[in-house]
Peer 1: 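One structure, pasted below without further comment.
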Number of protein chains: 2
Amino acid sequence: MRQDIRVAVDAVVFGYDQEQGISVLLIKRKIEPFKKMWALPGGLVLNEESLDSAVHRELQEEAGIDVKFLEQLYSFGNPGRDPRNRVISISYFGLVRPRDFELVARTDAEDVAWFNISKLPPLAFDHKKIVETAISRLRGKITYEPVGFELLDKEFPFSDLENLYQTLLDQPIDRRNFKKKISSLGILEELDRTVQRGAGRPARLFRFNRKKYFELKDRGYNFDFFS
Amino acid sequence: MRQDIRVAVDAVVFGYDQEQGISVLLIKRKIEPFKKMWALPGGLVLNEESLDSAVHRELQEEAGIDVKFLEQLYSFGNPGRDPRNRVISISYFGLVRPRDFELVARTDAEDVAWFNISKLPPLAFDHKKIVETAISRLRGKITYEPVGFELLDKEFPFSDLENLYQTLLDQPIDRRNFKKKISSLGILEELDRTVQRGAGRPARLFRFNRKKYFELKDRGYNFDFFS
DNA sequence: ACAAAAGTGTTGCCATTACACCCATGC
DNA sequence: GCATGGGTGTAATGGCAACACTTTTGT
């Protein structure tokens with residue numbers, strides 16, 4: 001019998017926010033199977049498009065967002081992961097600043113929303129497994145490359161970076177040692193301006209030096225976070 | 001138009017040998033397209049089988065070998081990577097001891113052979129790119145997990161491990177420091193026996209402590225190889 | 001006896017860790 | 001003036017890197 005397998009892409013897009021922590025973008029399905037359940041944005045690849053284009057298109061179509069940082073995660077292909085036909089899912093991993101986007105549910109999606117990664121609803125298909133894979137990739141990532149460029153505002157107080165790392169590592173960091181380490185990498189530029197956040201002393205703003213940041217990312221770097 | 005994409009798996013299986021260094025397993029294609037060219041073992045996934053089974057089956061069918069260590073590498077899916085139909089390839093990465101197997105060309109393969117990774121012939125499809133991706137994964141791998149269990153003989157002199165790392169890193173290693181580092185990981189067991197290799201003093205044999213080796217592998221470990 | 005490979009310790013240095021008080025602002 | 005978050009330096013430790021000579025065998 002001729003091969004009868006379909007190919008889909010699915011995206012696990014993470015956002016970071018001081019209040020919410022790390023969130024994942026989900027859509028509520030408008031159609032069967034798993035109608036009304038939350039699921040990862042994604043869908044079948046068109047005949048003429050590349051896999052990368054397919055993910056970008058689906059994110060645009062279903063959630064109305066344009067994710068710049070996307071990389072391939074893993075391909076899930078067990079028979080039976082879709083109850084109707086055999087579909088293999090090529091999953092992607094993305095990072096964005098949620099505040100940069102206004103979510104808009106379209107086409108197959110009845111709703112779109114951010115969910116904190118520790119408060120996920122039940123998910124359609126094997127999407128729970130996909131999200132878990134993505135989270136463990138994200139956690140692993142910060143130990144061998146810098147993370148933050150895609151998740152923080154263009155200009156941010158140092159404590160934002162510190163909080164991001166604490167959230168991702170799920171453990172406290174010594175502020176002074178962390179500052180020393182990051183500063184020594186030379187990927188940050190200190191600005192003259194400050195920002196006030198609630199009570200307390202105003203914080204100086206920083207931004208990433210795009211060039212050095214990506215150089216370091218390409219070379220790879222071993223952070224040793226234990227403290 | 002209904003989706004018309006096929007799904008294949010391809011395997012980049014590496015072998016290590018004191019004389020040959022790092023090699024890749026290739027087959028010579030018996031059929032069009034790219035008839036008579038060298039290519040990675042692989043082929044279309046059957047309707048009812050998992051991706052993992054598909055790779056194992058293809059390796060068995062085309063090369064007659066049974067690869068125990070296999071993990072997913074990356075999925076390549078550009079339209080046009082196969083000149084006839086659209087085929088996406090889910091590639092896998094494997095490690096074996098070449099001496100454990102006798103290669104046997106079967107089904108679609110006219111020939112099977114090991115090629116040193118620096119002396120590869122022209123390859124069919126985009127297999128050159130796939131092999132390059134696999135090599136860079138292999139190089140990366142040894143910096144965050146131990147490697148060797150799957151590539152060395154059950155019992156081996158310490159110098160084999162040292163040579164393996166030197167080959168993979170493509171740079172000399174200080175023998176004393178390397179010994180100290182590996183010993184401190186507690187993944188090696190020293191045996192009473194020795195082995196003689198050509199001239200020189202006989203070398204004591206070692207073997208991996210399977211349990212501790214895989215514990216370390218799961219936990220992840222940061223080697224810092226610079227020297 | 002010499003060539004070839006195996007085996008083995010010490011020292012200096014640098015990077016990581018641990019640790020606590022002052023500063024600028026809002027209320 | 002007090003609560004809140006921002007900002008900063010030093011000393012001790014431990015892990016890594018550099019480094020060369022002796023041992024055991026074959027020829």
Side-chain angles (χ1 to χ4, degrees), chain A residues 17-19 21 142-144 146 152-153 155-167 169 171-207 216 219-227, chain B residues 18-19 142-144 146 152-153 155-167 169 171-207 216 219-227:
Chain A
D17 189 289
Q18 285 293 117
E19 290 80 44
I142 66 174
T143 69
Y144 62 85
L152 298 179
D153 290 337
E155 305 185 347
F156 53 88
F158 198 83
S159 56
D160 275 17
L161 187 58
E162 194 188 321
N163 288 329
L164 171 61
Y165 270 83
Q166 289 190 140
T167 307
L169 293 166
Q171 64 180 344
I173 292 180
D174 181 280
R175 208 191 317 159
R176 286 170 290 189
N177 292 338
F178 184 66
K179 181 89 184 282
K180 254 180 290 178
K181 182 173 289 188
I182 300 293
S183 303
S184 74
L185 299 178
I187 56 177
L188 281 188
E189 288 171 7
E190 192 166 351
L191 306 177
D192 295 336
R193 273 161 301 130
T194 58
V195 68
Q196 179 79 28
R197 287 264 191 78
R201 177 174 172 173
R204 196 165 285 164
L205 286 172
F206 290 82
R207 70 169 166 228
L216 190 63
R219 265 216 316 278
Y221 174 77
N222 270 355
F223 290 84
D224 292 337
F225 287 114
F226 292 106
S227 69
Chain B
Q18 286 292 117
E19 290 81 44
I142 65 174
T143 70
Y144 62 84
L152 298 179
D153 289 338
E155 304 184 347
F156 53 89
F158 198 82
S159 57
D160 275 17
L161 187 59
E162 194 189 321
N163 287 329
L164 171 60
Y165 269 83
Q166 290 189 140
T167 306
L169 292 166
Q171 64 179 344
I173 292 180
D174 181 280
R175 207 188 322 157
R176 284 169 292 187
N177 292 337
F178 183 66
K179 180 88 184 281
K180 255 181 285 179
K181 182 172 288 186
I182 299 293
S183 303
S184 74
L185 300 178
I187 56 177
L188 280 189
E189 289 171 3
E190 191 167 349
L191 305 177
D192 294 336
R193 273 162 300 130
T194 58
V195 66
Q196 179 78 27
R197 287 265 191 80
R201 177 172 171 172
R204 197 166 285 165
L205 286 171
F206 290 81
R207 69 169 167 228
L216 190 64
R219 266 216 317 277
Y221 174 77
N222 269 355
F223 290 85
D224 292 336
F225 286 115
F226 293 105
S227 67

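Per chain, numbering begins at 1; letters A, B, ... match sequence-line order.
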Peer 1: Nearest to the A:Asn177 side chain among D:dC19, D:dA18, C:dA18, which nucleotide is it?
Peer 2: C:dA18
Peer 1: May I have the distance from A:Ile182 (atom CD1) to C:dA15 (atom P), rounded to whole angstrom?
Peer 2: 16 Å
Peer 1: Between D:dA17, C:dA6, C:dC19, which nucleotide gets closest to the side-chain atoms of B:Ala203?
Peer 2: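 Closest nucleotide among those given: C:dA6.
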Peer 1: Counting distance only, does the side-chain N/O of B:Asp174 pair as donor-acceptor with the main-chain N or O of B:Arg176 below 3.5 Å?
Peer 2: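 Yes, B:Asp174 side chain to B:Arg176 backbone: donor-acceptor pair under 3.5 Å.
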Peer 1: Expressed as a whole number of angstroms, how long is the span from B:Phe178:CZ to D:dA18:C1'?
Peer 2: 17 Å
Peer 1: Does B:Arg175 or A:Ala199 map to a spot on DNA chain C nearer the 5' end, using the closest nucleotide for each?
Peer 2: B:Arg175
Peer 1: Which nucleotide in the list D:dG7, D:dT23, C:dA20 gets nearest to the side chain of A:Arg201?
Peer 2: D:dG7
Peer 1: Rounding to an integer number of Å, can you tell me how far A:Arg204 CZ sits from D:dT8 C1'?
Peer 2: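 So the CZ-C1' distance, A:Arg204 to D:dT8, works out to 11 Å.
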Peer 1: Please round to the nearest 0.5 Å and tell me the distance separating atom CD1 of A:Ile173 and atom CG of A:Asn163.
Peer 2: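 Spacing of CD1 (A:Ile173) from CG (A:Asn163) equals 9.0 Å.
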Peer 1: Do you know the tightest heavy-atom contact between A:Pro146 and A:Leu216?
Peer 2: CG-CD2, 3.9 Å
Peer 1: Between C1' on C:dA24 and CZ on A:Arg197, what's the gap in Å once rounded to a whole number?
Peer 2: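 Distance check: A:Arg197 CZ to C:dA24 C1' gives 16 Å.
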Peer 1: In whole Å, I'd like the distance from the CG atom of B:Asn163 to the P atom of C:dA4.
Peer 2: 16 Å
Peer 1: Measure the distance from NZ on B:Lys179 to P on D:dG15 and round it to the nearest whole Å.
Peer 2: 19 Å
Peer 1: Send over the distance from A:Phe206 CZ to D:dG6 P, rounded to a whole Å.
Peer 2: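 Distance, rounded to whole Å: 12 Å.
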Peer 1: Between C:dA6, D:dA20, C:dT10, spot the one nearest the side chain of B:Arg176, thanks.
Peer 2: D:dA20
Peer 1: Between A:Glu189 (side chain only) and A:Arg207 (backbone N and O only), is there a donor and an acceptor less than 3.5 Å apart?
Peer 2: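 No; zero donor-acceptor contacts below 3.5 Å.
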Peer 1: Ignoring hydrogens and angles, are the base of C:dT8 and the side chain of B:Lys180 linked by a donor-acceptor pair under 3.5 Å?
Peer 2: no
Peer 1: Which heavy atom of A:Pro157 sits nearest a heavy atom of A:Leu205, and at what distance?
Peer 2: N-CD2, 3.7 Å
Peer 1: So what does A:Ser159 hit on the nucleic acid, given a heavy-atom distance under 4.0 Å: a base, only sugar-phosphate, or nothing?
Peer 2: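 Counting heavy atoms under 4.0 Å across all strands, the contact made by A:Ser159 is with sugar-phosphate only.
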Peer 1: Round to a whole Å and report the spacing from CG of A:Asp174 to P of C:dA15.
Peer 2: 18 Å
Peer 1: What nucleotide, of D:dG26, D:dG9, D:dT24, holds the atom closest to the side chain of B:Gln196?
Peer 2: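 Between D:dG26, D:dG9, D:dT24, the one nearest the side chain of B:Gln196 would be D:dG26.
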